[in-house]
Colleague: 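Just dropping this structure here.
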There are 2 protein chains.
Amino acid sequence: MSVAVGMASPELLALTLALTFRFNESTMSSRLGNKIRGSVMSDGSMRRGMGWSTMADVAREAGVSLMTVSRVYKRPDSVAQRTREKVLETGRRLGFSPNSIAGNLASGRTSMIGIVVPSLRNSNNATSIQGMADYLRQASYHFMIANTGYSMEDEAAVVKAFMQRRPDGMVLTGTRHGHETIDLLKAAHMPVVETWETRGPFIDMATGFDNYEAARRITRHLVDRGYRTIGYIDYPAIGLDRYLERLRGLKDELGSAGLEPTSVVSPLDAGDLYQDASSFRGGALGLRKLQEASRDIDAVLCASDILAVGVLFECQRQGVRVPDQLAVAGFGDFEIAAEVPPGLTTIRTHGYQIGWNAAEMLVTRINQPRAEIPLRDVGYDLVVRGSS
Amino acid sequence: MSVAVGMASPELLALTLALTFRFNESTMSSRLGNKIRGSVMSDGSMRRGMGWSTMADVAREAGVSLMTVSRVYKRPDSVAQRTREKVLETGRRLGFSPNSIAGNLASGRTSMIGIVVPSLRNSNNATSIQGMADYLRQASYHFMIANTGYSMEDEAAVVKAFMQRRPDGMVLTGTRHGHETIDLLKAAHMPVVETWETRGPFIDMATGFDNYEAARRITRHLVDRGYRTIGYIDYPAIGLDRYLERLRGLKDELGSAGLEPTSVVSPLDAGDLYQDASSFRGGALGLRKLQEASRDIDAVLCASDILAVGVLFECQRQGVRVPDQLAVAGFGDFEIAAEVPPGLTTIRTHGYQIGWNAAEMLVTRINQPRAEIPLRDVGYDLVVRGSS
DNA sequence: TTGTACGCGTTATCAA
DNA sequence: TTGATAACGCGTACAA
């Protein structure tokens, strides 16, 4: 029996050889007591021994002990150079690849991070996931992701499921979580970073920015520009902390100018939100709702750039001139904000940095369990463009 | 010693109790021979025994055998109801959470899928990742993701790293991969699905659509509409199979109409591409390049909707009327295509379905290693809107 | 329906 | 610098 292949590279030959070797061994001597070896040959229900070479195989072939092989792959410096080379060469020849699962069990560390986001399609999340991915990769960590669809029950389920895989740390989006989630993580002493907000209380660590202050800042900009009849297009009211903070910031800032929001609308229903793709349309719908509520509205602030761009598109269709007849502002500074005519005034957030920070904080804490790791505020910037 | 907490839920109390119990046990009797138990109390370098309750703990407390506990959590039906309830209750009380890592090692299955994408910020990928996530979740699988930044070397490194975690299957983006990657996967008999293309050869399984035919289809539409001077804005030339196919489709279709592309430009440099966010700007740059190459260009086809929307924005800035002076077409049918005035003509792809399929095919193959799983073509649709 | 025995492939510890 | 040994926590096979 041999492995069927197309092009045969040295690496492939090595692995083929390794597999063949293992099968022969089990067929002939079975001295480890394994009656069956290799799922490839078995009846399908049997999955023990996947046909991979093990450290024991390499050790035997190279004439060293198992621990030496382990050291060669884990801390190469702790092994004499000649030994190391011999082992590596043997390993290559046998197509050996260390089994992390076994290592995890023995060491109690998985080098795995669990990441929980509301949606995988959200640009904000994508950016900070990329930040985490870039940091984690150079630190030799892997990560699992799951999305909650903005539901706390799902979040709890996801966290529970992740815990069974014993990740070394966990990243959550936002700071509002169910008791079950919080209790579970705290009791397990799981290193946790909460992201996108700087207002606690936190389970453990956090990085983000002050959504409340950012919303006040951009509202103040609109007020300073002379706009007085200001509407707000919110995310659907599902109680996401950071969006609640943005709305609160808007109201407080208008309040201190003796104003109040002319109208606050939430254009999407839950179904749309879960899709998370329908937000341009949400912005357009939102504008129409605002116009129904008040004909003389002169500025619209949106909970995200996507909504705001949807507003700009709707203005274009209606022939409403921006910013002369209507000012529009968003939140996020996605690429489109700079590109869409006439340019979208918005709050620049630093999603990539949030992701990077979260990963870095986690890894620091994992390596130094006692470390006190303070909140990291990445700040925000007001970016004024043609729409206001 | 006890766990510090804010609000104490029943679940938390259970877990606290479990941890305390374990610590006491080790401190007092240490009858398993563990000198140290629980990383929380140790000096930081010691990580064995994480302080979690184990099946053995539950078994002892519930007065059953370890296997009974295992069965309760793996195949509850195979245990008498009374026994099951007793075990579950004990498990809850001890805050027990099955350790998948140990289960993986024992069973040879990880219930983990490795997903390799070029970029985490790309909308296409995000959509199909969501499809995979939704399928995998209901099938009780988790997944790891890594991005390659469009580099084959990085892809090989990522695949190698994933293999050490012994995933049950792997999803790759596209069909063009390095020999090293291919050989490794084949030799390991790893179930693999390649996505977004239906033209082989494949490592194992594939789902996607025919990019070549789709490009011909939308090109034909432009030709039928009477456009004759057609430019193309490509992704950067890094040899991504599906983009090469799109360009080939354009050329062939124009060819059979006795035409040829007026100009083909690739507006982004590699740095921009890696960011993957700068594509609106890429479209705008591309249009300007096309205009430099030929003043009487009357239609532009783009390799993606994002580029096409960038073209629309640039038209708006230049005062070019769409579609009267210039027709614009994209590829992807992202939400923005329907929302941006005057509506973007494009090819609708089915990214979510591709992701869902990929996951489903993988799980099928994992459960039935012998299964022949044919290519799944999800097709595409021409969507004509105001821009052409 | 439940239990016993053993192995999964690695790492921590301690001794040489 | 290297080796022997004992876990890590669970699932498979088989027996009762």
Side-chain angles (χ1 to χ4, degrees), chain A residues 22 30-37 39 42-43 45-59 62-84 86-87 96-110 164-166, chain B residues 22 26 30 32-37 39 42-43 45-59 62-84 86-87 96-110 164-166:
Chain A
R22 298 281 290 175
S30 169
R31 67 167 150 142
L32 292 173
N34 302 342
K35 306 242 175 64
I36 307 176
R37 198 124 213 197
S39 63
S42 75
D43 66 30
S45 75
M46 172 62 203
R47 302 264 308 180
R48 281 209 160 168
M50 297 297 287
W52 294 86
S53 316
T54 68
M55 282 191 175
D57 296 329
V58 177
V64 297
S65 81
L66 206 138
M67 267 318 295
T68 300
V69 179
S70 174
R71 288 190 185 103
V72 165
Y73 287 93
K74 265 218 111 192
R75 296 191 301 116
D77 297 339
S78 68
V79 173
Q81 183 178 347
R82 278 199 46 163
T83 317
R84 192 194 320 146
K86 186 173 56 181
V87 169
F96 171 70
S97 160
N99 182 331
S100 314
I101 299 291
N104 297 163
L105 185 59
S107 70
R109 307 180 56 139
T110 54
Q164 302 195 353
R165 294 201 133 89
R166 304 292 193 265
Chain B
R22 300 282 288 175
S26 65
S30 167
L32 292 174
N34 301 341
K35 306 243 175 62
I36 306 177
R37 199 128 212 191
S39 62
S42 73
D43 66 32
S45 74
M46 172 61 203
R47 301 265 309 182
R48 279 208 160 167
M50 297 297 287
W52 294 85
S53 312
T54 69
M55 282 191 175
D57 296 330
V58 177
V64 298
S65 80
L66 203 145
M67 264 321 293
T68 301
V69 180
S70 173
R71 287 189 185 103
V72 165
Y73 286 93
K74 263 219 112 193
R75 296 191 302 115
D77 297 339
S78 67
V79 174
Q81 182 177 347
R82 278 200 46 163
T83 317
R84 191 193 322 146
K86 185 173 57 180
V87 169
F96 171 70
S97 160
N99 182 331
S100 314
I101 299 291
N104 297 163
L105 186 58
S107 70
R109 306 181 56 139
T110 54
Q164 301 194 353
R165 294 203 134 89
R166 303 294 192 266

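In the text below, chain A, chain B and the rest are named by the order of the sequence lines, each starting its count at 1. From a predicted model like this one, the values you see are computed outputs, not experimental measurements.
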Colleague: Quick check: does any side chain N or O of T110(B) sit under 3.5 Å from a backbone N or O of N104(B), one acting as donor and the other as acceptor?
Modeller: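 Not a single qualifying donor-acceptor pair exists.
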Colleague: Have a look at S100(A) and say if it touches a base, only the backbone sugar-phosphate, or nothing, with a 4.0 Å heavy-atom cut-off.
Modeller: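 Since no nucleic acid heavy atom lies under 4.0 Å of S100(A), the category is nothing.
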Colleague: If only atom types and distance count, is the side chain of S107(B) paired as donor or acceptor with the main-chain N or O of G103(B) below 3.5 Å?
Modeller: yes
Colleague: If you look at every heavy atom in Q164(A) and S97(B), which pair is closest and at what distance?
Modeller: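 Smallest interatomic distance, heavy atoms only, reads CG-OG, 3.7 Å.
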Colleague: Just the rounded figure in Å: distance from P of dC10(D) to CZ of R166(B).
Modeller: 21 Å
Colleague: Q164(B) has an atom CD; how far is it from atom P of dT10(C), in whole Å?
Modeller: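 The answer, rounded to whole Å, is 10 Å.
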Colleague: With a 4.5 Å heavy-atom cut-off, do V64(B) and V69(B) have their side chains touching?
Modeller: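 Yes - at least one pair of side-chain heavy atoms lies under 4.5 Å apart.
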Colleague: Report yes if some heavy atom in the side chain of V72(A) is under 4.5 Å from a heavy atom in the side chain of T83(A); otherwise report no.
Modeller: no
Colleague: Determine whether a donor-acceptor pair (N or O, by modelled atom type, separation under 3.5 Å) exists between the side chain of R71(A) and the backbone of S78(A).
Modeller: no
Colleague: Using a cut-off of strictly less than 4.0 Å between a heavy atom of the residue and any atom of DNA chain D, enumerate the qualifying residues of residues 65-79 of chain A by number.
Modeller: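 Heavy-atom contacts with DNA chain D come from S65(A), M67(A), T68(A), R71(A), V79(A).
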Colleague: A102(A) side chain: which of dG9(C), dA12(C), dT1(C) is closest?
Modeller: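 When the side chain of A102(A) is considered, dG9(C) is the closest of dG9(C), dA12(C), dT1(C).
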Colleague: Rounded to whole Å, how long is the line connecting atom CG of N104(B) with atom P of dT12(D)?
Modeller: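 The answer, rounded to whole Å, is 11 Å.
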Colleague: I want to confirm an ordering. Mapping G103(A) and V64(B) to their closest nucleotides on DNA chain C, which one lands closer to the 5' end?
Modeller: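 Nearest nucleotide further toward 5': that of V64(B).
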Colleague: For M55(B) and T83(A), find the nucleotide of DNA chain D closest to each by heavy atoms; which residue's nucleotide sits nearer the 5' end?
Modeller: T83(A)
Colleague: Flag the pair V87(B) / V79(B) as yes when at least one side-chain heavy-atom distance between them is below 4.5 Å, and no otherwise.
Modeller: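 Answer no - side chains too far apart.
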Colleague: Measure CG/N99(B) against C1'/dG9(C) and give the value in whole Å, please.
Modeller: 15 Å
Colleague: Measure the distance from CZ on R165(A) to P on dC8(D) and round it to the nearest whole Å.
Modeller: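 Value for this atom pair: 22 Å.
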Colleague: Round to the nearest Å and state the distance from L105(A) atom CG to dG7(C) atom P.
Modeller: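 Taking atom P of dG7(C) as the reference, CG of L105(A) is at 16 Å.
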Colleague: Round to a whole Å and report the spacing from CD of Q81(B) to C1' of dT1(C).
Modeller: 14 Å
Colleague: Rounded off to whole Å, could you give me the CZ-to-C1' distance for the R109(A) and dA12(C) pair?
Modeller: 13 Å
